[in-house]
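Keep in mind the model is a prediction, meaning the values are calculated, not measured. Read the numbers this way: they start at 1 and go in the same order the structure lists the ligands and their atoms.
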Amino acid sequence: MIHPYDMMQDIDRVLVTEEELHRRIREVGAQLAADYAGKRPIFVGILKGVVPFFAAMAQAVQIPCQWDFLSVTSFEGGTHSTGQLTFRKDIDHDIAGRHVVILEDILDSGSTLKFVKELLERRGPASVKICTMLDKPSGRTVALEADYSCFTIPGAFVVGFGLDYDDYYRNLPFVGVLKPEVYQD
Ligand code: XMP
Ligand code: MG
């Protein structure tokens with residue numbers, strides 16, 4: 001059983017610091033603001049891991065925009081995707097004719113974002129692009145690339161800034177590598 005007060009001792013190393021995260025999010029946010037000026041985009045966050053990234057990014061993009069959220073899962077509490085996607089919560093907006101930017105914490109195998117992108121594309125939006133906080137190219141099993149990516153990371157299981165193991169560690173203000181002994185029994 002993992003207790004929240006053991007958080008720091010479960011981290012092997014910090015991969016992206018709090019300062020690096022916020023600096024880079026401001027950079028990518030400025031790029032999004034420039035690219036979507038006058039387009040009134042809808043930012044669609046994939047719950048729950050995207051919450052800290054969404055909040056930081058949404059404030060970095062100072063143009064008229066709307067927010068929405070959906071929830072899917074490909075995880076059963078472990079560290080590897082099951083490939084089985086469940087749709088838990090749909091977005092509220094009608095996105096027909098709209099410019100949609102999907103925000104996600106991590107692009108790993110690609111199956112979650114592929115599923116979500118194809119689902120939204122079937123509703124007739126003007127465009128659908130992907131903005132991810134982290135990209136882990138070594139994990140990819142389906143052909144999919146992000147349009148906007150803040151950091152490319154190596155092939156380790158990471159937690160923090162929204163990313164979890166068994167729903168813990170999301171509140172860490174940085175992205176770190178979880179010690180393998182935490183999830184290996
Ligand atoms: P896929 O494989 O579908 O993964 O691209 C997307 C979802 O899987 C979770 N995921 C991770 N969560 N550390 C985590 O805490 C990781 O290294 C990791 N890799 C994938 C995450 O929920 C993401 O939305
Ligand atoms: Mg997630």
Side-chain angles (χ1 to χ4, degrees), residues 2-4 6-18 20-21 24-25 43-58 68-91 100-121 128-185:
I2 304 153
H3 297 283
D6 294 332
M7 283 199 303
M8 285 311 295
Q9 70 191 44
D10 293 344
I11 301 301
D12 183 57
R13 64 185 192 280
V14 175
L15 212 53
V16 190
T17 67
E18 191 173 354
E20 288 168 333
L21 278 164
R24 179 69 180 139
I25 290 169
F43 292 97
V44 174
I46 304 179
L47 297 171
K48 297 182 265 188
V50 82
V51 169
F53 176 58
F54 194 103
M57 185 54 90
D68 215 329
F69 297 92
L70 59 78
S71 175
V72 295
T73 182
S74 64
F75 263 35
E76 299 300 333
T79 59
H80 288 93
S81 177
T82 59
Q84 292 294 323
L85 286 156
T86 318
F87 192 68
R88 281 205 192 120
K89 182 213 174 294
D90 200 348
I91 52 173
V100 175
V101 183
I102 304 169
L103 262 57
E104 171 63 312
D105 50 11
I106 186 167
L107 172 55
D108 192 349
S109 75
S111 56
T112 303
L113 274 166
K114 184 172 190 284
F115 174 80
V116 170
K117 190 174 189 211
E118 288 176 353
L119 190 118
L120 298 182
E121 274 171 342
V128 181
K129 298 255 163 125
I130 292 170
C131 173
T132 188
M133 174 171 74
L134 307 176
D135 183 6
K136 197 196 281 186
S138 62
R140 207 77 91 250
T141 59
V142 304
L144 188 83
E145 293 310 320
D147 301 285
Y148 302 88
S149 167
C150 294
F151 298 93
T152 300
I153 62 162
F157 189 76
V158 293
V159 295
F161 215 77
L163 290 150
D164 73 302
Y165 172 66
D166 198 21
D167 228 9
Y168 284 107
Y169 308 102
R170 294 191 193 274
N171 52 335
L172 288 171
F174 55 82
V175 173
V177 177
L178 192 62
K179 286 180 181 166
E181 57 261 38
V182 176
Y183 53 84
Q184 281 163 3
D185 25 46

| Which of the atoms of ligand 1 are close to E104, meaning less than 4.0 Å from one of its heavy atoms? | 23 (C), 24 (O)
| said: Ring-plane angle category for F43 and F54, please: parallel below 30°, perpendicular beyond 60°, tilted otherwise. | reply: perpendicular
| request: Check L113 against ligand 1 and report side chain, backbone, both or neither, counting heavy atoms closer than 4.0 Å. | output: neither
| Heavy-atom side-chain contact between Y169 and D164 under 4.5 Å | no
| task | Check V50, L172, V158 against L163 for a side-chain contact (heavy atoms from CB on, under 4.5 Å) and give me the one that passes. | result | V158
| Selection from I106, L85, D108, V72 by shortest heavy-atom distance to atom 21 (C) of ligand 1 | I106
| request: Hey, can you tell me if Y183 and F157 have their rings parallel, tilted or perpendicular (30° and 60° cut-offs)? | output: perpendicular
| Is it true that F157 lies under 4.0 Å from ligand 1, counting heavy atoms only? | yes
| note | Heavy-atom proximity to atom 7 (C) of ligand 1, picking from T112, L163, D166, points to T112
| query | Pick one: which of L134, T112, V116, V44 meets side-chain contact (heavy atoms from CB on, under 4.5 Å) with E104? | reply | T112
| S111 to ligand 1, any heavy atom closer than 4.0 Å | yes
| message | Within the 4.5 Å heavy-atom criterion, are F87 and L119 side-chain neighbours or not? | response | yes
| said: Quick check on contacts: which atoms of ligand 1 are under 4.0 angstrom from a heavy atom of D164? | reply: 14 (C), 15 (O)
| request: I would like to know whether R140 and L107 meet side chain to side chain contact (heavy atoms under 4.5 Å, CB included); could you show each step before the answer? | output: CA-CA 8 Å; R140 207 77 91 250; L107 172 55; 3.5 Å; yes
| request: Answer yes or no for K114: is there a heavy-atom contact with ligand 1 below 4.0 Å? | output: no
| Pick from G160, G155, S109: the one approaching atom 1 (P) of ligand 1 most closely through a non-hydrogen atom | S109
